[in-house]
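Here's the structure, in structure tokens; my notes come after.
These numbers come from the heavy atoms of this one structure, side chains and all, not from hydrogens, waters or symmetry mates. Numbers here simply count residues along the sequence, with the first being 1.
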Amino acid sequence: MAVTFNHTIIASKDRDASARFFRELLELSEAPSWGPFTNIQLSDGVLLQFAEPPVEIQMQHYAFLVDDELFDRAYRRLCEGGVEHWADPQMRRPGQINNEHGGRGVYFKDPAGHAIELITRPYL
């Protein structure tokens with residue numbers, strides 16, 4: 001069997017709000033949830049499990065590869081929702097996107113404060 005990525009747990013202040021944020025932004029369907037997890041599933045089958053840990057949440061970085069059309073719709077939703085965003089991970093170019101690696105990219109924070117990146121072309 002080849003190695004594939006199956007799931008990850010994303011720490012959240014409000015697991016339902018975080019899952020809803022990603023579902024709406026990335027146009028994903030609801031997935032069955034259980035126990036302490038609110039789940040969403042990406043189109044390749046990867047499961048994102050949102051949970052509320054009893055500790056302070058440390059910022060993590062999550063990058064999503066999306067097609068140009070979804071990038072346009074997601075970026076429009078970020079702007080319409082007043083979500084602060086940047087063209088760079090250092091957050092020095094606010095309110096912009098980048099055109100690096102032959103595509104486009106944008107950085108922003110999710111409801112739990114994680115650094116999120118949307119890109120339209122893979123780096124490699």
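Under the 4.5 Å side-chain heavy-atom criterion for Ile, Leu, Val, Met, Phe, Trp and Tyr, Val46 and Leu70 are members of the same hydrophobic cluster. By the rule that hydrophobic residues join a cluster once side-chain heavy atoms approach within less than 4.5 Å of another member, Phe5 and Phe37 end up as members of separate clusters. Side-chain heavy atoms closer than 4.5 Å link hydrophobic residues (I, L, V, M, F, W, Y) into clusters, and following such links, even through other members, never connects Val83 to Ile119. Transitive grouping of hydrophobic side chains (ILVMFWY, heavy atoms separated by less than 4.5 Å) brings Phe21 and Phe64 into a common cluster.
The pair Asp14-Arg20 does not count as a salt bridge, with every side-chain nitrogen at least 4.0 angstrom from each carboxylate oxygen. Residues Glu27 and Arg77 are paired through a salt bridge, judged by an N-O separation under 4.0 Å between the basic side chain and the carboxylate. No salt bridge links Arg73 with Asp68; every basic N to acidic carboxylate O contact stays at or beyond 4.0 Å. Ion pairing between Glu84 and Lys109 fails under the 4.0 Å rule for side-chain N and carboxylate O.
Side-chain atoms of Phe22 and Asp110, non-hydrogen and from C-beta on, do get closer than 4.5 Å to each other. By the 4.5 Å heavy-atom criterion applied to side chains, Leu48 and Thr8 are counted as neighbours. Under the 4.5 Å side-chain criterion, counting only non-hydrogen atoms from C-beta, Asn98 is not in contact with Val106. Contact of the Val66 side chain with the Leu26 side chain is registered, since non-hydrogen atoms from C-beta on lie closer than 4.5 Å. Taking the side chain as every heavy atom from C-beta outward, Leu78 and Leu25 approach each other to under 4.5 Å.
Between Trp86 and Pro94, the shortest heavy-atom distance links the atoms CD1-CA, 3.5 Å. Scanning all heavy atoms of the two residues, the minimum distance from His85 to Cys79 falls at CE1-SG, 3.8 Å. The heavy-atom pair separating Pro53 from Ala11 by the smallest distance is CG-CB, 3.7 Å. Scanning all heavy atoms of the two residues, the minimum distance from Tyr75 to Gly95 falls at OH-O, 3.7 Å. Across all their heavy atoms, Leu47 and Asn39 have their closest contact at CD1-CB, 3.8 Å. Here the shortest heavy-atom pairing between Pro122 and Leu65 reads N-CD1, 3.7 Å.
In this structure, Ile40 CD1 and Arg23 CZ are separated by 7.0 Å, a value rounded to the nearest 0.5 Å. Atom CG of Asp44 and atom CD of Gln41 lie 8.5 Å apart (nearest 0.5 Å). Note that CD of Glu69 is 5.0 Å distant from CG of Asp67, once rounded to the nearest 0.5 Å. Between the CG atom in Leu42 and the OG atom in Ser29 there is a gap of 11.5 Å [rounded to 0.5 Å].
For Glu52 (side chain) and Arg15 (main-chain N/O), a donor-acceptor pair under 3.5 Å exists by modelled atom type. Proximity of a side-chain donor or acceptor of Ser12 to a complementary backbone N or O of Ile10 within less than 3.5 Å is detected. Put simply, the side chain of Arg104 never gets that close to the backbone of Ile97: no donor and acceptor are under 3.5 Å apart.
For Tyr107, there are no ring-ring contact (aromatic ring centres under 6.0 Å, His included) partners two or more places apart in sequence or in a different chain. Residues satisfying the side chain to side chain contact (heavy atoms under 4.5 Å, CB included) test with Gln96, not counting sequence neighbours, are Ala87, Arg93.
Relative ring orientation between His114 and Tyr62 is described as perpendicular, the plane-to-plane angle rising above 60° on a 0-90° scale split at 30° and 60°.
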